[in-house]
Amino acid sequence: MSDALPIDTLPIDDSVPIEDIGERHLMPADMTISEVTNLVAGVTERPAPRGWWILFIPAVMLAGLMFACLGYLVSAGTGVWGNNAPVYWAWDITNFVWWIGIGHAGTLISAILFLFRQKWRTSINRFAEAMTVFAVLCAAIFPALHTGRPWLDYYLFPIPNAMNVWPNFKSPLMWDVFAVNTYLTISVVFWYVGLIPDLATIRDRSTNLLRKRIYGFFALGWRGSHRHWQHYERAYLIFAAISTPLVLSVHSVVSFDFATSVIPGWHTTIFPPYFVTGAVFSGFALVMTLMLIVRAVFGMHRVVTLKHLDLMTKFMLATSMLVGYAYAMEFFVAWYSGNPYEWWHFYHTRIGLADSTGQRSPYFWAWLAMVSCNVGVPQIFWFKFARRSIPVMFVATLLINVGMWFERFVIIVLSIHRDYLPSAWGIFHPTLVDMGLYLGTMGFFLTLFLLFVRWLPMFAIAELKGILPGAHPSHLHDHHEPHEAPAGELSPAPAE
Amino acid sequence: MSEDDDKKLDDDSSSSEKGASEPVRKKTIVGMAPVGQTPKETKGTLMGMPAIDDAQVEADKQEKPAAEEKPAAEEKPAAEEKPAAEEKPAAEEKPAAEKPAAAARPALYLAEFETPDAIVHAAKRVRDAGYTKWDCHTPYALHGLDDAMGLTPTKIGIISFIFGLTGVLAAFLLMYATNATDTSVMGFAGYRAIIGGKPPGAFPSMVPILFELGILLCGLSTLFGLCGLAKLPRHNHPVFSSERFARATDDRYFISIEAADDRFDLEDTRALLESTDPSFLELVEEDAA
């Protein structure tokens, strides 16, 4: 058409699947641009389906439980938790690490998979980013309360004051404050920037003035201008590029809280990568759990195809193997270090072998739960039937999240309930407030999440459109045309 | 008052000359054209299909002739068309409407295309014709349009980089002033804190916060840089006056050429756009309000 123009010398459009190596279009071949708009934006326009209410009402009740526990905790003091000598870090920190970890999958999907040009991320990234924001909010509750006097938490920030009291910047807990706050801010910004074009889509579809105004306000007057898209795409790339090291740094910093101490079981150099892979693993599992629910409730089978789920299960399998490697390496290093305390900790408290006095650790079952859920369960994804079966995926992802909670419990509580001196040993018993607060944050998270899927575009509309077959000018991928298979062959396996 | 209205209805170009000195924009309606402002657009529609088939549009079309017959009464129906929430802005608009030359001036030509190929082709034509104040509107970032529009690469990365470094520097100064020196700065002094056997101002323990604050400032500056470069938020824009433009965020591709462009000409520009074979072409006018 326009051979002489410089545009024809542009690099290959990487949105086109490479047929030669068996890659296929991710979306159904007959999907049109307006179908994407209708499917995704339509959710915010119709009354919520019954399944949504079935989830929403219990979620709000649980969120209420959280606020009740918070109120009680703040008025009565942290003594209502089961934390006591020597287990001063217990469920609160376990939950904090668990929630932060869950958030990491969102950033991984939106940033790291973006940098690697994994186009399949477009069906899950919005979802996962929202999850990140809500999970980090839930996570932030725990350390804020764990300070004991949450109304003095502003001491954590370097605010000039008459007493010249400053934070100690050499403390990993201080690093945590900066890492978590930066992470929350950047996650919100990244999520919002991605939402702008989609909010404009909803605005332009609205017939109701209130909706037009609210969505229009947040869409900033986006008009799909290519002069804007040009800056926008680069800004998005920058966000992906800074979020990638950020997400790696946040869980590394969280792991420094432990690794810079001298407690056997904590003082180990493998912690940063170990924590990051575990975080990504658990986050992927939760993305998948929620994805399966929302997909069924809102009928999104054409946007999230079995192909996407298949890729996600493979990702979980890979991260599960990494986590399994970290578990094994912890043992190896404990033995190889020749440190008797470290080795005693692993064979006694973790795997529950009797020590010289014939005593067994009261918590060895926690380690078993962690290994079987995190390393054992995902192995089923080696089999194709499991990667195609929704019930198998659902149960497996739930078990993985249980396992990942136990991993944090094992690391935190098991390590500190048996340190150097037997006279300082103790045991931890959770209280009702511990349990209520944990369940409550789940309700709070689910409430926010359900409000998100109900009122905001749960898939990145503009990005999904960009990966549809024929979404980009044909001369950008002329050389692919001879290879292009007929439409029927391009469509993925039929939905279950 | 009635004279002005007559002129406005009579002749676009004469009123546009007159109105050039004081353009009156529509009061901001969040990001969209208010319902019931179709009459002028239907008039401005040069070719192609009728405006979106919508009950409201039909109603407005029926309502309008009556208003034209009685120009003096025109404002009242206009105010009534707006929902109750609009009452106040509508009342404020009255003085503006009484100014002379508030008539419809051409704001931009809007051409609609149905395929990515068509808009890329048309964009090259518009670029080669030498226009500068024009734009493509697409539902997603369309590959290849940068070149087709002749855009220079975006500078947003420079903003992010500079602010990222600023964040790192600010973090260093903060930690140094509070934890490494007891020199008083504006009445606030730090401590030469020795903790964990590490000397005051030990660099390795600063690294995490240097990194985090660098990222924080880089991210925020990217957001505000994006808003600044794209001149957003801007909730009112002449393109939103077009009923069809709602599909720019759905499944259609648009080219707009602004009347503010030096080369803009009612006839020539229209001829150029027509030659690119758009599926729809319209002249969008400034809202007289």
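Keep in mind it's a predicted model, so treat the numbers as computed, not measured. The sequence lines fix the lettering, A, B, ..., with proteins before strands; numbering per chain opens at 1.
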Can you tell me how far [atom2] of [Y] sits from [atom1] of [X], rounded to the nearest 0.5 angstrom?
X      : Y      : atom1 : atom2 : answer
B:M149 : A:S225 : CE    : OG    : 6.5 Å
A:R223 : B:S256 : CZ    : OG    : 7.5 Å
B:F240 : A:D204 : CZ    : CG    : 6.5 Å
B:L216 : A:T182 : CG    : OG1   : 4.5 Å

Sub-4.5 Å side-chain heavy-atom contact between [X] and [Y]:
X      : Y      : value
B:L213 : A:F178 : yes
B:L232 : A:H228 : yes
B:P233 : A:F217 : no
A:H226 : B:H137 : no

**Prompt:** Counting distance only, does the side-chain N/O of A:W229 pair as donor-acceptor with the main-chain N or O of B:L142 below 3.5 Å?
**Reply:** no
**Heavy-atom donor-acceptor pair, A:T201 side chain to B:T249 backbone, under 3.5 Å** = yes
**Asked** Which answer fits A:T185, side chain, backbone, both or neither, if we ask what part of it has an atom under 4.5 Å from a heavy atom of chain B?
**Response** side chain
**Prompt:** Non-hydrogen atoms of chain B under 4.5 Å away: do they reach the side chain of A:L246, the backbone, both or neither?
**Reply:** both
Quick check for you: among [options], which has the greatest number of heavy-atom pairs under 4.5 Å with chain A?
options                : result
B:A230, B:A248, B:G214 : B:A230
B:G164, B:S184, B:A189 : B:A189
B:E212, B:K155, B:M206 : B:E212

**Asked** Between A:T37 and B:D250, do the side chains contain an N or O donor and an N or O acceptor separated by less than 3.5 Å?
**Response** yes
**Request:** Anything in residues 230-243 of chain A with a heavy-atom distance to chain B below 4.5 Å? Please list those residues in order.
**Result:** A:Q230, A:H231, A:Y232, A:E233, A:R234, A:A235, A:I238, A:F239, A:I242
**Request:** Dump the intermediate steps for side chain to side chain contact (heavy atoms under 4.5 Å, CB included) on A:R227 and B:L151, then the final yes or no.
**Result:** CA-CA 8 Å; A:R227 288 174 197 274; B:L151 298 180; 3.4 Å; yes
**Request:** Might you point out which heavy atoms bring A:K170 and B:S205 nearest each other, and give the distance in Å?
**Result:** CG-OG, 3.4 Å
**Item:** Least distance between heavy atoms, B:P139 atom then A:A462 atom
**Value:** O-CB, 3.6 Å
Heavy-atom contacts under 4.5 Å, [range] to chain A:
range                       : result
residues 217-229 of chain B : B:C218, B:G219, B:L220, B:T222, B:L223, B:L226, B:C227, B:L229
residues 190-204 of chain B : B:G190, B:Y191, B:A193, B:I195, B:K198, B:P199, B:P200, B:G201, B:A202
residues 170-181 of chain B : B:L174, B:M175, B:T178, B:N179

Pick from [options] with the largest number of heavy-atom pairs that fall under 4.5 Å of chain B:
options                       : result
A:N168, A:V165, A:I196        : A:N168
A:A219, A:P245, A:S252, A:A41 : A:P245
A:F256, A:W166, A:Y183        : A:W166

With only heavy atoms counted, which part of [X] is less than 4.5 Å from chain A, the side chain, the backbone, both or neither?
X      : value
B:F211 : side chain
B:S160 : side chain
B:Y253 : side chain

**Prompt:** Do other residues, nucleotides or ligands put more than 12 heavy atoms under 6.0 Å from the CZ atom of A:F258?
**Reply:** yes
